[in-house]
Amino acid sequence: MTRIATWNVNSIKAHLASTLAWVKTEKPDVLLLQEIKCLDDGFPRMEFEDLGYNVETVGQKTYNGVAVLSRYPMTVERRALPGAANEDEPARYIEALIEVPGETKKSRRHVLRAASIYLPNGNPSGSEKFAYKLAWMTRLIDRAKALLKEEEILVLGGDYNVCPTDGDVYDPEGWRDDALCRPESRARYRELLHLGYTDAIAARHPEPGNYTFWDYQAGAWSKDHGLRIDHLVLSPQAVDRLADCGIDKRPRGKEKPSDHVPVWCILEI
DNA sequence: ATGTCGCGTGAAACGCGA
């Protein structure tokens, strides 16, 4: 069994202690991080290596930044989404091949591909930022389409900044014009899934109100004013092996939390 | 409650992004 989780940590330095505490108890085999908000050299690499993880980052000063942590050997396949308009793009994508050991001496090792995705927020709707979000989603769809042909166990996990349905937001009317809920954003997310991918939480826990993010403002957490915007998107070969998945809301209630919580799945590998 | 964070700048309080 292989445990995979995604978590927007909202600065790995500011939330290092709580991230390490969660990793120690939950022991994910693969952890996809977003918004590390530091350069590669600034990532607290040794703290995770001491816990047995290999660490690969695509960092950036102040904003964004993604990482893949893996207990198994890993090679980085992409440090950016193909098709960038210019060279210095925000750090929002990293994709790795992970070698999961077989359970017996006879069984072959399994290759797992995993990407950590921090999709642009896109607010305000109708702005240049919104156009950039939609263009970025089109590039992600292109990448997902190409990867489908590999027929691999693939997890595209991350902060998608897309709330897929009205059941995934506490106040659909109030959020109607937000870039996270706009029909254009939702249509592209569906387009990604319709290639043949599965949103793990939507498939296994389709009831409304399974949020992954609560704003720091206005007592959103205490009022459960949340949104589901962090997703584990699985290839057909990954879904075949999906044993369980869930959202771990506990870290949001602790001291000095990230505004997002981990989303996890267990694959039979 | 117009209600919060984290970061960088630069030395305190502000602008930005979310």
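Just so you know, these numbers use all the heavy atoms, side chains as well, and skip hydrogens, waters and symmetry mates. Naming: A, B, ... by sequence-line order, numbering from 1 per chain.
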Using whole Å, what does the distance between atom [atom2] of nucleotide [N] and atom [atom1] of [X] come to?
X: A:N123; N: B:dC16; atom1: CG; atom2: C1'; value: 14 Å
X: A:H260; N: B:dG6; atom1: NE2; atom2: P; value: 13 Å
X: A:Q217; N: B:dG17; atom1: CD; atom2: C1'; value: 12 Å
X: A:Q60; N: B:dG17; atom1: CD; atom2: C1'; value: 12 Å
X: A:Y216; N: B:dA18; atom1: OH; atom2: P; value: 14 Å
X: A:N161; N: B:dG17; atom1: CG; atom2: C1'; value: 11 Å
X: A:K223; N: B:dT4; atom1: NZ; atom2: P; value: 12 Å
X: A:R92; N: B:dG17; atom1: CZ; atom2: P; value: 11 Å

I need the single residue from A:V68, A:T57, A:V58 that forms a side chain to side chain contact (heavy atoms under 4.5 Å, CB included) with A:S116. Which is it?
A:V68
Ring pair (Phe, Tyr, Trp, His ring centres under 6.0 Å) with A:Y160: which residues, sequence neighbours excluded?
A:Y189, A:H231
My understanding is that only residues two or more places apart in sequence, or in another chain, count here; which of them pass ring pair (Phe, Tyr, Trp, His ring centres under 6.0 Å) with A:Y197?
none
Is there a side-chain contact between A:M1 and A:E268, using heavy atoms and a 4.5 Å cut-off?
yes
Taking side chain as C-beta onward, heavy atoms only, is A:P251 less than 4.5 Å from A:P262?
yes
Which is true for A:F213 with a 4.0 Å heavy-atom rule: it touches a base, it touches only sugar-phosphate, or it touches nothing?
nothing
Quick one: which of B:dA18, B:dG6, B:dG3 gets closest to the side chain of A:K256?
B:dG6
Sticking with atom [atom1], work out how far [N] lies from [M], rounded to a whole angstrom.
N: B:dC14; M: B:dG10; atom1: P; answer: 15 Å
N: B:dT2; M: B:dC7; atom1: P; answer: 27 Å
N: B:dA1; M: B:dG15; atom1: P; answer: 25 Å

Does either side chain, that of A:R71 or that of A:Y53, offer a donor lying less than 3.5 Å from an acceptor on the other one?
yes
With respect to the phosphate group of B:dC5, does any side-chain polar atom (N or O) of A:H15 fall under 4.0 Å of OP1 or OP2?
no
Treating primed atoms plus P, OP1 and OP2 as sugar-phosphate and everything else as base, which nucleotides of nucleotides 7-14 of chain B get B, S or - for protein heavy atoms under 4.0 Å?
SSS-----
Does A:D50 have more than 12 heavy atoms from other residues, nucleotides or ligands lying within 6.0 Å of its CG?
yes
